[in-house]
Amino acid sequence: DGGITQSPKYLFRKEGQNVTLSCEQNLNHDAMYWYRQDPGQGLRLIYYSQIVNDFQKGDIAEGYSVSREKKESFPLTVTSAQKNPTAFYLCASSSSGTSAPGELFFGEGSRLTVL
Amino acid sequence: RKEVEQDPGPFNVPEGATVAFNCTYSNSASQSFFWYRQDCRKEPKLLMSVYSSGNEDGRFTAQLNRASQYISLLIRDSKLSDSATYLCVVNGNNNNDMRFGAGTRLTVKP
């Protein structure tokens, strides 16, 4: 079945460690996104990519890095520079690419806890 | 001012009630508007897009007011299964820069 897959679902990390969250989609979508959600808050955009080998910073990119070497993959690295990394991370994709935006399809999320 | 603002609620309503949510946005150039639903500890899922002329899908009606820069969602004949958080989504300056409101929490009670 077509969809978007995030892994791991739950992750625990010690302070000072980098961690990479995986996001893979087989929907042939051009655009991919990473959002962060904290309790009682809406989704905040970390990075997005409209096309392979291109990505743009969102509102809260500091302490995060991404790559888009393949159309289907958009991994997010949470670096030790991110001061408050504990959160629910959501990856999404859409078919719009550089044209008008369409529906966002989300993965099930990755819940990161820093100990 | 936040780019997308919603009343956080919670809205607690009895089954069968009609409930309405509003969402205001700050970017007058925004062209795309959506309502998403998010269940507790789950990912958001598209409920409906919002078109300029307004649109209806069963018990749900969405409307756009460009002059006042808000969108609304009306739910008629509320069901227990409608209990969720409803997220307003508006595009930012870039067509792929989608901005979310903080969500409005709805609880429908028997």
Side-chain angles (χ1 to χ4, degrees), chain A residues 3-7 9-10 21 23 25 27 29-51 54-61 68 74 87-111 113, chain B residues 1-10 21-27 29-52 55 57 62 64 71 84-107:
Chain A
I4 182 164
T5 303
Q6 288 186 241
S7 63
K9 200 166 183 178
Y10 298 95
L21 307 180
C23 179
Q25 53 99 359
L27 300 166
H29 285 170
D30 288 312
M32 296 187 75
Y33 309 79
W34 274 105
Y35 289 91
R36 168 183 172 141
Q37 188 174 34
D38 294 283
Q41 296 191 36
L43 279 67
R44 290 184 290 166
L45 184 64
I46 304 173
Y47 270 98
Y48 66 98
S49 168
Q50 297 184 25
I51 201 166
D54 179 69
F55 48 83
Q56 308 294 328
K57 290 183 179 181
D59 293 328
I60 55 166
R68 188 85 188 276
F74 190 42
F88 187 41
Y89 291 88
L90 286 156
C91 180
S93 69
S94 72
S95 62
S96 54
T98 55
S99 58
E103 176 183 356
L104 289 173
F105 291 82
F106 284 89
E108 291 187 336
S110 293
R111 204 166 290 275
T113 301
Chain B
R1 183 184 171 189
K2 291 183 181 177
E3 287 195 60
V4 182
E5 289 203 69
Q6 296 182 248
D7 181 343
F21 309 135
N22 279 343
C23 166
T24 58
Y25 61 95
S26 61
N27 188 343
S30 293
Q31 294 293 324
S32 299
F33 310 90
F34 306 89
W35 283 102
Y36 277 72
R37 171 193 169 126
Q38 186 175 26
D39 292 297
C40 189
R41 299 178 74 83
K42 298 285 190 180
E43 75 274 21
K45 294 185 179 177
L46 180 67
L47 179 65
M48 58 197 304
S49 302
V50 185
Y51 302 122
S52 296
N55 48 299
D57 183 2
L64 167 64
I71 65 173
T85 296
Y86 292 83
L87 302 169
C88 170
V89 184
V90 179
N91 76 294
N93 290 323
N94 182 295
N95 278 340
N96 286 296
D97 181 9
M98 305 301 282
R99 301 295 174 135
F100 283 73
T104 298
R105 187 169 172 186
L106 171 67
T107 301

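Hydrogens, waters and symmetry mates play no part in the numbers below; they use all other heavy atoms, side chains included. To find a chain, count down the sequence lines: A is the first, B the second, and so on, and within it residues start at 1.
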Name the option with the most non-hydrogen atom pairs under 4.5 Å to chain B; the candidates are A:L43, A:L90, A:L45, A:D59. A:L43
Please state whether the side chain, the backbone, both or neither of A:Y35 comes within less than 4.5 Å of a heavy atom of chain B. side chain
Short side-chain to backbone donor-acceptor contact, B:Q6 and B:N22, under 3.5 Å: no
Can you tell me how the ring of A:Y47 sits relative to the ring of A:F55, calling it parallel under 30°, perpendicular over 60° and tilted otherwise? perpendicular
Does some side-chain heavy atom of A:M32 sit less than 4.5 Å from a side-chain heavy atom of A:Y48? no
Interchain contact, A:Q41 with chain B, by part (heavy-atom threshold 4.5 Å): backbone
Just so I understand: if I count every heavy-atom pair under 4.5 Å between each of B:S49, B:A102, B:G103 and chain A, which residue has the most? B:A102
Atom group of A:R44 that falls short of 4.5 Å from chain B, counting heavy atoms: neither
Is any side-chain heavy atom of B:V90 closer than 4.5 Å to a side-chain heavy atom of B:S32? no
Between A:Y33 and A:L104, is any pair of side-chain heavy atoms under 4.5 Å apart? yes
A:Q37 versus chain B, heavy atoms under 4.5 Å apart: side chain, backbone, both or neither? side chain
Considering only heavy atoms, which portion of B:R105 lies under 4.5 Å from any heavy atom of chain A: side chain, backbone, both, or neither? neither
Within-4.5 Å side-chain heavy-atom neighbours: B:W35 and B:V50: yes
